[in-house]
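The chains referred to below are lettered A, B, ... by the order of the sequence lines, with proteins before strands, and numbering in each begins at 1.
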Amino acid sequence: MPELPEVETIRRRLQCGHQNAPPLQGRTIAACRLPWPGIVQAPSPRSLQRRLRGQAVVDIGRRGKYLQIDLDRACLILHLGMSGSVVIEPSSAAPSPHARLVLQLRGGHRLSFRDPRKFGRAWLLDDPGDLLKRLGPEPLDPHLTAIGFRGQLAGRRAAIKPVLLDQKVIAGIGNIYADESLHRAAIHPLTPADVLGGDRTGRLYRTIRQVLREAIRHCGTSFDYVYGGGEFLSRLRVYRRTGQPCLRCRTKIERVVVAGRGTHFCPCCQTT
DNA sequence: CACGAGACCTGTTCGC
DNA sequence: TGCGAACAGGTCTCGT
């Protein structure tokens, strides 16, 4: 679930408050519970719990698919993996069986990081750059140009689909939005990245930004119980639409496996 | 270095 | 209905 638009939606909900939950900003952490300590990458689980206590939330950011919670004296970084979600809930709510890291807040609410599949991770760092510097550019960064994007693809002979999933190339695109961007750009997912000329990389650059912006506007894509509230599912044109007609040319959407990931495309209007 | 396969996990859905 | 297989939003590590 959590690709850039879903993580951005969660960031905004934490920042502004959502439904009856108050904003996270300004709140102080009373305690941290770790129902599954394996979620903590750094420092040790005990040390993370000790250091979190008493810190206040200053700001909430995002870089690629990473959620960044800036505190008084450190930065808590969460990666939601495949099935993670983060919610603010009343202390009186029944604890989720999939809660992996819980921040109890002074004044009666708690932040719950849930993750059934346990692919999610948490770090408490002095400098978030240590972890995030490996990431490629933000696709919605105003400073990223079509030329800059083309430069990121240089020297890549692999198929464009897995190259888009490489977070060092561009940060935040996952399986859904890679397939959707390639369909809108009319590019076949198996096209080698380095044979795309200026025209087609320019088109792909624009469709990536268009798809991500549109998905953020609709609060991301929700398939099931894991992540709620997103409305982009109904606007997907190829992802999980195998056998259904292409909305552009009516040809049946096909599914193949590319670099281990299910890949959906229109064999008629996406060319190599 | 670039690339692909396998591993890491649990829950749901599909086919027999 | 029951049961195993396939599949799922991601990323790391390893061998080539």
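Residue A:H79 places its side chain closer to C:dT11 than to any other of C:dA8, B:dG11, C:dT11. Distance from the side chain of A:R255 is smallest for C:dC7 among the nucleotides C:dG10, C:dC7, B:dA2. Listed nucleotides C:dC12, C:dG10, B:dC3 differ in distance to A:K65; the shortest reach to its side chain belongs to C:dG10. Considering only the side chain of A:A158, B:dG4 comes nearest among B:dT10, B:dG4, C:dA8.
With both ends at atom P, the span from B:dG11 to C:dT1 equals 23 Å, rounded to whole Å. Straight-line distance between the P atoms of B:dC9 and C:dC14: roughly 15 Å, to the nearest whole Å.
With a 3.5 Å limit on both pairing distances and Watson-Crick or G-U wobble geometry required, the stems of 3 or more pairs in DNA chain B span B:2-8 with C:10-16, B:10-16 with C:2-8.
Here the straight-line distance linking atom CD1 of A:I39 with atom CH2 of A:W123 works out to 9.5 Å at 0.5 Å rounding.
Here the side chain of A:Q68 pairs no donor or acceptor atom with the backbone of A:G61 at under 3.5 angstrom.
Regarding contacts with the backbone of B:dC3, a side-chain N or O of A:R156 is found under 4.0 angstrom from either OP1 or OP2. At C:dT11, one or more side-chain N or O atoms of A:Q167 fall inside 4.0 Å of OP1 or OP2 (strictly under the cut-off). Note on A:R157: every side-chain N or O is 4.0 Å or more away from OP1 and OP2 of B:dG4.
Note on residues 181-203 of chain A: pairs passing ring pair (Phe, Tyr, Trp, His ring centres under 6.0 Å), not counting sequence neighbours, are A:H188-A:F265.
Residue A:L135 forms a side chain to side chain contact (heavy atoms under 4.5 Å, CB included) with just one option from A:K168, A:K65, A:R63, and that option is A:R63. A:D179 pairs with exactly one of A:R241, A:R240, A:K161 by the salt bridge (charged side-chain N to carboxylate O under 4.0 Å, His left out) rule, that one being A:K161.
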Using the 3.5 Å cut-off, write out each protein N or O paired with an N or O of nucleotides 5-9 of chain B and the distance between them.
unit_1, atom_1, unit_2, atom_2, d
B:dC9, O2, A:R117, NE, 3.2

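The shortest heavy-atom contact between A:E180 and A:R235 is OE1-O, 4.3 Å. Listed here is the closest heavy atom pair of A:E214 and A:R184: OE1-NH1, 3.0 Å.
Within 4.0 Å of A:F232, counting heavy atoms only, lies no atom of the nucleic acid at all. No contact: A:R100 has no heavy atom under 4.0 Å from any strand. Residue A:R121 is out of contact with every strand shown, counting any heavy-atom pair closer than 4.0 Å.
Of the N and O atoms on the side chains of A:E3 and A:N175, not one donor lies less than 3.5 Å from an acceptor on the other residue. Judged by distance alone, the side chains of A:Y66 and A:Q167 never bring a donor and an acceptor atom under 3.5 Å apart.
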